[in-house]
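All values below were derived from every heavy atom in this structure, side-chain atoms included, with hydrogens, water molecules and symmetry-related copies excluded.
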Amino acid sequence: MNIRVFGDKRSLGKAAAEHAASVIREAILERGRARLIAATAASQKEFLEALTSAPGIDWHRVEAFHLDEYIGLPITHPGSFRKMLLEQLIHKTGIEKYHLLDGDGDAASVVARASAAVASEPIDIAFLGIGENGHLAFNDPPADFDTEEPYLIVNLDEACRRQQVGEAWFSDMSQVPQRAISMSVRQIMKVKEVLAIAPDSRKAAAVQLCFAGEIGPMAPASILRNHPKATVYLDKNSAALLDPALYNSAATQDL
């Protein structure tokens, strides 16, 4: 796993987008199409803005999968991740083949359909965030590192739900759904290449826990240290609590 640290969110997003665009172009060149998994949250804003403006990508040859979604939340709600995915990626690029997780539908049926689709062929790249509690997708601690199911129905812990209020998607905790559909940790680990994009000081404790502590279910994103091709993109604020030796080795000229 590689860690790259940048001076601000915009330079981080630009560099991560250039990396992602290169992988997508290469997949299209080699196989005629690319399959990707996208996260949508406040932390992904600058990255997705840069990626959707990247030149030389034939987006009609891209198939997109949804990372996670709340159960019972309508697509019209500002906090709906499928609403964000449509607005921040799909509508901007014209991607024609995409798989949204219908939080309003029968959750078991949605999980079954999405699992069959995502597991049918290899995925070229995933764009992920890291939660304030260290979660990957909605795999809150202690995360299930063992299940082979591509998608799961999960219960959201208090720290995760509090983060959603802090990001202003919900006015208070009572409005945040308690369950969600999430891609599993093992499915994420099967992706050929993973980019984890985690700016802001509010992620610093999670970054320290996951990348300077032990690898285990209580620090879900720590599993990325076992991925053969994962890159973590941080800004100076989210990297502030890393061990100095790791931080210095990770720092780029953009810091």
Side-chain angles (χ1 to χ4, degrees), residues 1-9 12-13 15-16 19 37 39-47 67-68 81 126-147 152 154-167 169 173 176 178 180 182-191 193-252 255:
M1 188 193 76
N2 296 315
I3 297 177
R4 300 189 67 193
V5 183
F6 294 83
D8 55 62
K9 289 192 288 188
L12 181 164
H19 184 163
I37 297 162
T40 48
S43 62
Q44 308 299 302
K45 181 176 180 290
E46 289 79 11
F47 162 70
L67 188 68
D68 48 22
F81 289 148
F127 321 135
L128 312 173
I130 297 171
E132 292 176 25
N133 63 356
H135 71 203
L136 274 185
F138 268 145
N139 297 289
D140 290 331
D144 187 340
F145 279 9
D146 298 320
T147 182
L152 309 169
V154 297
N155 295 314
L156 303 179
D157 74 11
E158 184 177 342
C160 172
R161 295 172 66 233
R162 194 183 310 117
Q163 177 182 332
Q164 312 313 313
V165 175
E167 293 180 357
W169 304 121
M173 287 279 284
V176 185
Q178 297 187 24
S182 176
M183 185 169 287
S184 70
V185 171
R186 285 208 172 220
Q187 179 59 44
I188 291 168
M189 292 296 284
K190 291 176 182 178
V191 175
E193 188 158 359
V194 175
L195 306 188
I197 297 145
D200 296 328
S201 57
R202 62 194 175 87
K203 301 294 181 73
V207 166
Q208 180 188 45
L209 175 70
C210 293
F211 304 128
E214 294 184 2
I215 297 173
M218 294 307 296
S222 66
I223 196 68
L224 294 177
R225 287 151 64 186
N226 290 336
H227 193 283
K229 209 167 186 181
T231 305
V232 179
Y233 283 86
L234 307 174
D235 66 7
K236 62 183 179 182
N237 296 318
S238 57
L241 298 180
L242 285 179
D243 178 87
L246 179 59
Y247 185 91
N248 290 338
S249 66
T252 75
L255 188 61

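A donor-acceptor pair is defined here as one N or O able to donate and one able to accept, closer than 3.5 Å; no such pair exists between the side chain of S201 and the backbone of N237. Panel note: side chain R4, backbone V232; no donor-acceptor pair is recorded below 3.5 Å. For H135 (side chain) and L156 (main-chain N/O), no donor-acceptor pair under 3.5 Å exists by modelled atom type. The closest donor-acceptor contact from the side chain of D140 to the backbone of D157 lies under 3.5 Å.
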Run the numbers on R186 and D146 for side-chain contact (heavy atoms from CB on, under 4.5 Å), then give the verdict. CA-CA 7 Å; R186 285 208 172 220; D146 298 320; 4.1 Å; yes

Evaluate the criterion side-chain contact (heavy atoms from CB on, under 4.5 Å) for residue pair F81 and L67; output intermediate values, then yes/no. CA-CA 9 Å; F81 289 148; L67 188 68; over 6 Å; no

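In terms of heavy atoms, A39 sits closest to L128 at CB-CA, 4.0 Å. M189 approaches I223 most closely through the heavy-atom pair CE-O, 3.3 Å. I188 approaches A137 most closely through the heavy-atom pair CD1-CB, 4.2 Å. Taking all atoms of both residues into account, the shortest heavy-atom contact from E132 to A206 is O-CB, 3.6 Å. Counting all heavy atoms, side chain and backbone alike, A180 lies closest to F138 at CB-CD1, 3.4 Å. The heavy-atom pair separating A219 from C210 by the smallest distance is CB-SG, 4.0 Å.
For K9, the side-chain contact (heavy atoms from CB on, under 4.5 Å) partners at least two apart in sequence or on another chain are E46, P199, D200, D235.
From K229, atom NZ reaches atom CG of N2 across 10.5 Å, with rounding to the nearest 0.5 Å. From E214, atom CD reaches atom CG of L209 across 10.0 Å, with rounding to the nearest 0.5 Å. Going from atom CD1 of I197 over to atom NZ of K203 covers 10.5 Å, rounded to the nearest 0.5 Å.
The shortest side-chain heavy-atom distance between I130 and F211 falls under the 4.5 Å cut-off. Annotation: side chain of D144 is not in contact with side chain of S184 (no heavy-atom distance under 4.5 Å). Residues L152 and N139 meet the side-chain proximity criterion, which asks for heavy atoms closer than 4.5 Å. Side-chain contact between I3 and V207 is absent, with no heavy-atom pair separated by less than 4.5 Å. At a threshold of 4.5 Å between non-hydrogen side-chain atoms, the residues L224 and L136 count as touching.
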